[in-house]
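The structure under discussion appears below in the form of structure tokens.
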Amino acid sequence: MFRHRYVLVFLLLAVDIYIFGVSDAVNVTASDSATKPQQDPIYPSPSSSVVNSPVFKPAVDSAFSISLLSSFPDDLEISEYCSELLRLFGQRYVTYVDCLVPSARPVKVCENCSPGYQSLHEVFMNISSDQVGPGNVSCRNTILSSDRLMLVFLLYSNVDLIWKKSNCENCVTGDLKGPKNDTLYYLTLLNQTITCFDKYKQGNLSELCKNCKTAYKNLNDLYSGMEANNTLCIDLEDAMNMTRKLWSKKFHCSFPREETVPVVAVSAFLLFLPIVFYLSSFLHSEQKKRKLIHPQRAKSYSSLMNIQDKKS
Amino acid sequence: MANITKKVSWSSRCDEFGAVGEETPLLNGSDQARPLRQVHLDYDNIENQLFLEEERRMSFLAFRCLEISRWVICGLIGFLTGLIACFIDIVVEQLAGIKYKVIKENIVRFTEAGGLSISLILWAVLNSSFVMLGAIMVAFFEPIAAGSGIPQIKCYLNGVKIPRVVRLKTLVIKVCGVICSVVGGLAVGKEGPMIHSGAVVAAGVSQGRSTSLKRDFKIFEYFRRDTEKRDFVSAGAAAGVSAAFGAPVGGVLFSLEEGASFWNQMLTWRIFFASMISTFTLNFFLSVYHNKTGDLSNPGLINFGSFESEAMGYNLYEIPLFMAMGALGGLLGALFNFLNYWLTIFRIRYVHRPCLQVMEAVLVAAVTAAVAFIMIYFSVDCQPLAPDHTEEYPLQLFCADGEYNSMATAFFNTPERSVRSLFHNPRGTYNALTLGLFTLTYFFLACWTYGLSVSAGVFIPSLLIGAAWGRLCGILLASTTSTASTWADPGKYALIGAAAQLGGIVRMTLSLTVIMMEATGNVTYGLPIMLVLMTAKIVGDYFQEGLYDIHIKLQSVPFLHWEAPATSHWLTAREVMSSPVICLNRIEKVGTIVDILSNTSTNHNGFPVVVQPAKLCGLILRSQLIVLLKHKVFVELARSRLTQRKLQLKDFRDAYPRFPPIQSIHVSQDERECMMDLTEFMNPTPYTVPLETSLPRVFKLFRALGLRHLVVVDDENRVNGLVTRKDLARYHLGKHGLEELHLAQT
């Protein structure tokens with residue numbers, strides 16, 4: 001429960017921010033003039049409508065015209081190969097984030113977006129690798145760590161965090177192309193349960209509890225097993241959470257508290273025993289008396305007199 | 001007004017009416033057969049001729065060796081104490097794990113199928129059987145192993161030895177007993193007994209032999225006397241604290257605060273060494289157990305975990321809140337002690353037969369289970385588990401799937417784990433009602449449990465009660481204002497509450513502050529914890545003494561506090577001393593000595609040696625006389641048998657610490673006529689005071705030098721009286737000025 005809500009909030013936040021970041025970066029590379037100052041007015045903008053708003057655009061344009069004046073000499077600029085990589089990174093980033101946002105609720109990030117992550121990961125690996133590309137340049141330093149902001153690295157590390165937190169690796173195959181067999185089996189059981197719910201939810205709920213119990217129990221057991229093995233990902237967790245909520249909170253199929261009388265009786269009996277015990281030991285056991293050690297004093301009477309004398 | 005109020009301790013109130021004249025018959029006869037008899041310790045070195053001779057014989061090298069062997073012993077003490085702590089920890093974890101697993105499976109099965117009352121019975125029976133095992137061991141085999149053992153160790157370090165308190169058998173029973181009672185689900189902890197265990201280990205190791213096992217390793221013979229042994233026992237107690245809480249400095253300070261009246265820099269350094277070794281050993285073996293061999297950063301039986309997140313910081317404006325909590329802790333602590341005091345009196349009076357004690361313990365265990373079950377059963381507080389939860393046995397019961405009963409996270413767990421959950425679980429794990437109910441029930445359970453005849457400590461239950469109401473305070477604070485929810489972290493308030501409650505119950509100050517600080521691993525909490533403990537102590541002392549002091553008093557131990565009672569300067573040695581004194585002549589007839597020693601009505605332990613007319617020339621102890629009689633060191637025999645080996649200090653040490661009773665020494669009629677020369681063996685320079693010495697002065701001598709007997713002489717050096725510990729411990733400052741208590745015989 002907790003985890004899901006948290007991830008969701010995080011996801012929305014992250015996506016919110018990065019969409020601007022990406023659109024910005026893409027613009028910049030397209031016009032081939034990377035300047036920092038123009039980013040500042042865009043960052044605080046609260047919604048995407050601002051970006052597209054006609055009022056805002058002229059300002060951006062004017063910023064471009066200013067920055068063009070102070071363009072750097074060619075040899076300090078980014079190489080052809082690297083800017084190509086950067087463009088590719090931007091594209092795939094947008095694709096991935098585009099995929100993530102619609103899958104936020106109900107969570108389907110692993111199911112839908114794993115291939116997207118895979119391709120983004122590939123291009124980032126290319127950027128960050130030591131290998132020298134055509135033209136004898138390595139893009140690692142130019143792109144990743146030549147300025148304080150390290151934007152590309154920051155963007156990627158956030159996406160990577162989303163990936164890690166979602167635990168998707170547990171649900172998809174090694175090449176991130178499709179779901180694992182376990183996941184498929186789980187999804188089948190889930191579908192059975194949901195179908196069952198759909199079938200009975202119109203009528204009497206106790207009917208539903210009775211008829212769907214097997215399906216739900218199988219699903220629940222499988223989930224508990226997977227939970228113990230740590231083979232869950234966010235998709236499955238979220239699906240199970242929703243199912244459990246339906247089952248317990250909407251259909252009220254949890255176990256009822258119905259054997260209060262025997263439980264209370266047994267505990268009352270147990271609570272009653274000490275009273276009997278203490279009463280009986282109070283009444284029947286002989287009281288132990290302590291013997292006092294009396295001081296052996298010389299002239300105790302006179303000493304008391306002494307004290308009184310001194311005091312008075 | 002001028003008189004000292006004569007006051008009698010509780011037990012005599014009913015005797016007072018009819019039994020005033022009964023004192024003589026009570027003192028002998030059946031009373032002598034009672035096995036428990038306090039013995040006081042001789043911390044004063046006896047500088048008799050034998051001692052001087054031995055010292056002369058010892059070379060410089062031998063003294064160096066002694067010094068080194070002291071270090072070796074301290075290392076060994078630390079190592080063994082750590083091992084014991086580790087053993088207890090692992091066994092408790094395993095057994096409790098099995099127990100909770102069985103019960104949990106049972107509950108899960110019966111939640112579905114119906115019949116939860118059977119789970120309740122299973123739980124109660126499992127608890128009771130473990131506790132029964134522990135209680136039988138304690139009640140029938142070694143009653144001294146009951147409780148936390150801290151009062152006993154306090155007494156030992158103060159100079160009163162309760163018999164059998166530092167024996168191997170006690171250690172074994174203590175360790176097994178504490179495992180049983182913790183696994184048995186009682187409201188107890190395993191930390192207090194560690195201190196006792198450490199002390200027993202120290203007393204055993206430093207002597208280089210075990211009388212219980214009848215093994216003498218012939219090492220460390222020099223240390224076989226009270227002075228040396230006491231130093232090692234304080235090291236052992238420190239090692240115990242340090243193993244229990246992962247607080248080496250706290251352990252050293254505990255020894256300082258609670259015990260040792262002799263304190264010097266080298267001893268402190270050695271004690272610190274023992275403490276460190278003990279923590280280190282525990283960490284090392286636990287790391288092996290947790291498959292992280294070599295990771296030494298997981299100290300203590302109870303680990304509070306680290307308090308390092310942002311919200312755990314505190315601000316100046318929270319200090320008054322903390323102090324208010326301290327005052328509350330003091331109040332609750334006083335209530336706890338008050339209830340426990342009356343309960344203990346009831347127990348001493350009516351529940352004194354071992355089988356009754358076992359029954360009581362079993363009943364408490366069953367009721368504990370029943371109460372916990374009822375609480376869990378009726379709790380409607382369901383919470384999802386946090387992502388990084390540590391609960392191993394969450395119970396769902398009637399909660400929605402995916403949520404768990406939060407009362408069960410508090411009750412269905414070993415107390416240590418519950419404390420940790422209360423400290424560290426995120427906001428919203430418990431609701432206010434759950435915590436309130438938990439505090440209430442656990443308070444009474446813990447109060448009821450302490451003093452049962454099982455070995456168990458009161459530290460953890462106190463921490464748990466405090467953590468529960470502290471967390472409750474945090475939650476309530478956070479709900480009062482919207483800004484408070486940002487700084488009122490419930491975990492922080494749980495910690496403060498725990499400190500307040502523990503301080504209110506045991507009233508320790510310096511050492512407890514350091515222990516809590518070390519256990520949380522956060523020095524910045526030093527100030528709030530100190531303030532909280534101070535407030536708790538001030539408020540609590542207004543109503544009632546600390547729990548350990550109450551129990552010491554109830555055992556009628558002549559415990560000497562740091563200072564003589566105020567306003568006692570007008571009392572002089574003349575009024576305080578016992579008189580007349582039984583004195584021995586320097587050359588005394590064996591028959592007289594045997595008669596004096598066998599006189600059960602006096603049972604004195606030290607005898608001034610005089611030359612006629614009654615001039616003091618030395619002091620000799622009962623134990624020395626017994627050794628002399630055993631070896632038949634008579635003047636006549638020495639003359640006839642010139643070859644006879646001269647008695648050495650070693651002979652006294654071999655008999656230490658269990659000198660045979662006088663009854664077991666056979667002295668024939670002929671031998672009774674022989675004479676005994678005490679010159680060589682007596683302490684020729686005992687401490688003496690003149691008749692007019694004031695009580696505080698005498699008191700200071702006793703406390704600072706660890707005296708056992710102080711001879712009162714007149715201006716011509718004639719023996720007039722003898723002051724012992726019992727004569728001093730009678731006086732205390734009550735509501736009506738100076739009061740005189742009558743000590744009961746134990």
Side-chain angles (χ1 to χ4, degrees), chain A residues 1-3 6 216 220 223 240-241 243-245 247-249 252-271 273-274 276-278 280-300 303-304 306-312, chain B residues 2-4 8-9 11-12 14-15 23 26-27 31 111-112 114-117 120-121 124 346 348-353 356 359-360 363-364 366-367 369-371 373-374 377 384 386-387 397-403 556 570-571 574-575 577-580 720-721 726-727 730 742-745:
Chain A
M1 250 296 276
F2 263 29
R3 191 191 296 183
Y6 184 63
Y216 176 77
N220 208 7
Y223 180 83
M240 191 68 217
N241 248 345
T243 324
R244 278 176 167 176
K245 261 192 202 150
W247 176 258
S248 312
K249 299 237 161 108
H252 298 291
C253 297
S254 308
F255 304 115
R257 190 181 282 122
E258 59 190 5
E259 25 178 350
T260 310
V261 176
V263 168
V264 168
V266 171
S267 354
F269 173 71
L270 286 178
L271 291 174
L273 284 179
V276 175
F277 171 79
Y278 283 121
S280 67
S281 53
F282 178 70
L283 295 175
H284 296 299
S285 132
E286 90 280 17
Q287 185 180 348
K288 186 157 133 190
K289 291 186 176 148
R290 286 199 161 186
K291 289 97 191 178
L292 296 183
I293 308 166
H294 288 269
Q296 245 187 339
R297 298 274 179 77
K299 318 161 249 172
S300 70
S303 75
L304 279 183
N306 242 350
I307 295 164
Q308 269 165 348
D309 287 347
K310 274 181 209 167
K311 277 284 206 174
S312 53
Chain B
N3 264 348
I4 316 167
V8 263
S9 59
S11 52
S12 63
C14 28
D15 307 23
E23 59 204 68
L26 280 178
L27 279 170
D31 195 50
T111 313
E112 203 179 333
L116 271 174
S117 47
L120 165 59
I121 292 170
F346 182 87
I348 293 176
R349 277 194 198 162
Y350 296 106
V351 193
H352 47 80
R353 292 219 306 274
L356 283 180
M359 262 173 76
E360 192 191 11
L363 285 176
V364 173
V367 168
V371 169
F373 194 89
I374 287 267
Y377 185 88
L397 281 172
F398 312 114
C399 288
D401 285 350
E403 295 190 344
S556 272
W570 50 275
L571 266 175
R574 190 196 299 275
E575 283 106 25
M577 70 188 185
S578 306
S579 175
N720 260 30
K726 277 185 185 141
D727 296 317
R730 290 171 193 284
H742 283 235
L743 294 169
Q745 204 148 22

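We name chains A, B, ... by the order of the sequence lines, and we start the count at 1 in each one.
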Side chain, backbone, both or neither of B/L356 within contact of chain A (heavy atoms, under 4.5 Å): both
B/A366 portion near chain A, given a 4.5 angstrom heavy-atom threshold: both
A/F269 versus chain B, the contacting section by heavy-atom distance below 4.5 Å: neither
Stepwise side chain to side chain contact (heavy atoms under 4.5 Å, CB included) check, A/L271 with B/V371: CA-CA 8 Å; A/L271 291 174; B/V371 169; 3.8 Å; yes
Enclosure of A/F282 CZ (heavy-atom neighbours >12, cutoff 6.0 Å): no
Sub-4.5 Å side-chain heavy-atom contact between A/V266 and B/I121: yes
Which residues share a side-chain contact (heavy atoms from CB on, under 4.5 Å) with B/L397, sequence neighbours left out: B/I107, B/T111, B/L116, B/I376, B/N405
A/T260, part contacting chain B, at a heavy-atom distance under 4.5 Å: both
For the student: nearest non-hydrogen atoms of A/V263 and B/L120, plus distance: O-CD2, 3.8 Å
Heavy-atom check, side chain of B/E360 versus side chain of A/Y278, under 4.5 Å: yes
Any donor-acceptor pair under 3.5 Å from A/S281 side chain to B/Y350 backbone: no
With sequence neighbours excluded, residues passing ring pair (Phe, Tyr, Trp, His ring centres under 6.0 Å) with B/F398: B/Y377
